[in-house]
**Student:** 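Below you'll find the structure I mean.
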Amino acid sequence: EEDSYEIITAPDDFSAVREALEKENIPLASAEVTMIPQTWVSLTDEQSLKDINKTLDMLDEKNIPYGVATATYSSLAEAVLKRCGIFGRFRFLLTDIEYPMGKKCPDIFLGGAERLDCRPDEVLVIEDSLHCIETAVGAGFVTAGVYDEAAEVDKQRIAEISDHYLLSLSELSDIFV
C-alpha cells in the first residue's frame with residue numbers, strides 16, 4: 001500500500017508546493033484548489049496591530065479573560081497570530097480541528113465559554129459576520145457586531161440583533177466602562 005499525504009496550503013502557494021514535490025520526484029496524484037470564504041480582521045498594517053494590542057491591554061488591565069474561536073484553518077490562524085506577535089496572549093485558540101461545523105453551530109462558542117469557565121450569558125462574542133452573530137445570539141451569548149466592509153450588505157441586520165455594534169475594535173473599550 002502506497003503512502004499518501006494531504007498538503008493544505010494557501011492557493012497562492014500551490015505552485016511552490018507542486019514544484020517542491022516535483023523536484024523531489026514525488027508524484028502528484030491529484031490536486032484540488034479550494035477557496036474558503038471567510039471574513040477576518042486584517043492585522044497586517046501597523047495601526048491595526050496597535051489597535052488590537054490596545055484592546056488586549058485593556059482586557060488584561062480589567063482582568064477579562066479572552067480567547068479566539070475561528071473557522072480558519074488551525075495552522076493558518078496560529079501562524080497569523082504568531083506573526084502579529086499576539087498568539088501567546090490568548091487563553092485558547094479554537095479552530096476547525098476541534099469544531100469542524102464552524103460557526104453555523106454554537107459548539108465552537110460553547111467550547112469557548114467552557115474554557116473561560118463561564119455561562120454563555122457571561123461571554124461577549126465579537127463577530128463581523130451575520131450568520132455567526134445569529135448563532136451566538138441563538139445560544140444565549142452577549143454579542144458585539146463589528147463593522148466589516150465585506151459584510152456591508154448585512155450591516156443593518158447585524159446592528160439590529162447584536163447587543164452592541166462597533167464600527168471598529170477600538171470601540172470595544174466603551175462596552176467595558
**Student:** Count I, L, V, M, F, W, Y as connected when their side-chain heavy atoms are under 4.5 Å apart, and connections chain through other members. Are Ile86 and Ile64 then in the same cluster?
**Tutor:** yes
**Student:** Once rounded to the nearest 0.5 Å, what's the spacing between atom CG of Asp107 and atom CG of Leu94?
**Tutor:** 11.0 Å
**Student:** Applying the 4.5 Å side-chain criterion to the ILVMFWY set and letting contacts propagate, would Val137 and Val125 be lumped into a single cluster?
**Tutor:** no
**Student:** Got a second to check how far Gln156's CD is from Ile161's CD1, nearest 0.5 Å?
**Tutor:** 12.0 Å
**Student:** What's the separation between atom CG in Asp128 and atom OG in Ser168, rounded to the nearest 0.5 Å?
**Tutor:** 12.5 Å
**Student:** Linking I/L/V/M/F/W/Y whenever any side-chain heavy atoms sit under 4.5 Å apart, do Val68 and Phe87 land together?
**Tutor:** yes
**Student:** Minimum heavy-atom separation for Cys105 to Thr135, with atom names?
**Tutor:** C-CG2, 3.6 Å
**Student:** Looking at side-chain heavy atoms only, is the closest gap between Tyr66 and Arg91 below 4.5 Å?
**Tutor:** no
**Student:** Evaluate whether atom CE of Met101 has more than 12 neighbouring non-hydrogen atoms of other residues, nucleotides or ligands under 6.0 angstrom away.
**Tutor:** no
**Student:** Got Glu122 and Phe141 here, is their nearest side-chain heavy-atom distance under 4.5 Å?
**Tutor:** no
**Student:** Does Asp117 CG have over 12 foreign heavy atoms under 6.0 Å away?
**Tutor:** no
**Student:** Between Asp60 and Arg89, is the closest basic N to carboxylate O distance under 4.0 Å?
**Tutor:** yes
**Student:** Has Arg83 got a side-chain atom pairing as donor or acceptor with Ala79's backbone, closer than 3.5 angstrom?
**Tutor:** no
**Student:** Going hydrophobic residue to hydrophobic residue with side-chain gaps under 4.5 angstrom, can you get from Leu116 over to Phe90?
**Tutor:** no
**Student:** Is it possible for you to check whether Lys62 lies under 6.0 Å from the centre of the six-membered ring of Phe176, through NZ or CZ, and within 45° of that ring's axis?
**Tutor:** no
**Student:** Could you tell me whether the side chain of Val146 reaches within less than 4.5 Å of the side chain of Ile126, counting heavy atoms only?
**Tutor:** yes
**Student:** Considering only NZ, NE, NH1 and NH2 on the basic side and carboxylate oxygens on the acidic side, decide whether Lys103 and Glu127 come within less than 4.0 Å.
**Tutor:** yes
**Student:** For Pro106 and Ala139, which heavy atoms make the closest approach, and how far apart are they?
**Tutor:** CB-CB, 3.7 Å
**Student:** Please test Thr70 against Leu93 for side-chain contact (heavy atoms from CB on, under 4.5 Å), starting from the C-alpha separation and ending with a verdict.
**Tutor:** CA-CA 8 Å; Thr70 181; Leu93 171 62; 4.0 Å; yes
**Student:** Are any of the side-chain heavy atoms of Leu124 and Thr143 separated by less than 4.5 Å?
**Tutor:** no
**Student:** For Leu49 versus Ile52, what's the shortest heavy-atom pair and its separation?
**Tutor:** O-CG2, 3.3 Å
**Student:** Answer yes or no: are there more than 12 heavy-atom neighbours, outside Glu152 itself, under 6.0 Å from its atom CD?
**Tutor:** yes
**Student:** If hydrophobic clusters are built by linking Ile, Leu, Val, Met, Phe, Trp and Tyr wherever their side-chain heavy atoms come under 4.5 Å apart, do Ile133 and Leu169 end up in the same one?
**Tutor:** no
**Student:** As an exercise, state the distance from CD of Glu171 to OH of Tyr165, rounded to the nearest 0.5 Å.
**Tutor:** 9.5 Å
**Student:** When you compare the side chain of Ser129 with that of Asp148, does any pair of heavy atoms fall below 4.5 Å?
**Tutor:** no
**Student:** If only side-chain N and O atoms count, and only distance matters, is there a donor-acceptor pair under 3.5 Å linking Ser162 with His164?
**Tutor:** no
**Student:** For the residue pair Ala71 and Asp96, what are the closest heavy atoms and their distance?
**Tutor:** O-CB, 4.2 Å
**Student:** To the nearest 0.5 Å, what is the distance between CD on Glu98 and CZ on Phe92?
**Tutor:** 10.5 Å
**Student:** Just how far is it from atom CG of Leu166 to atom OG of Ser170, taken to the nearest 0.5 Å?
**Tutor:** 8.5 Å
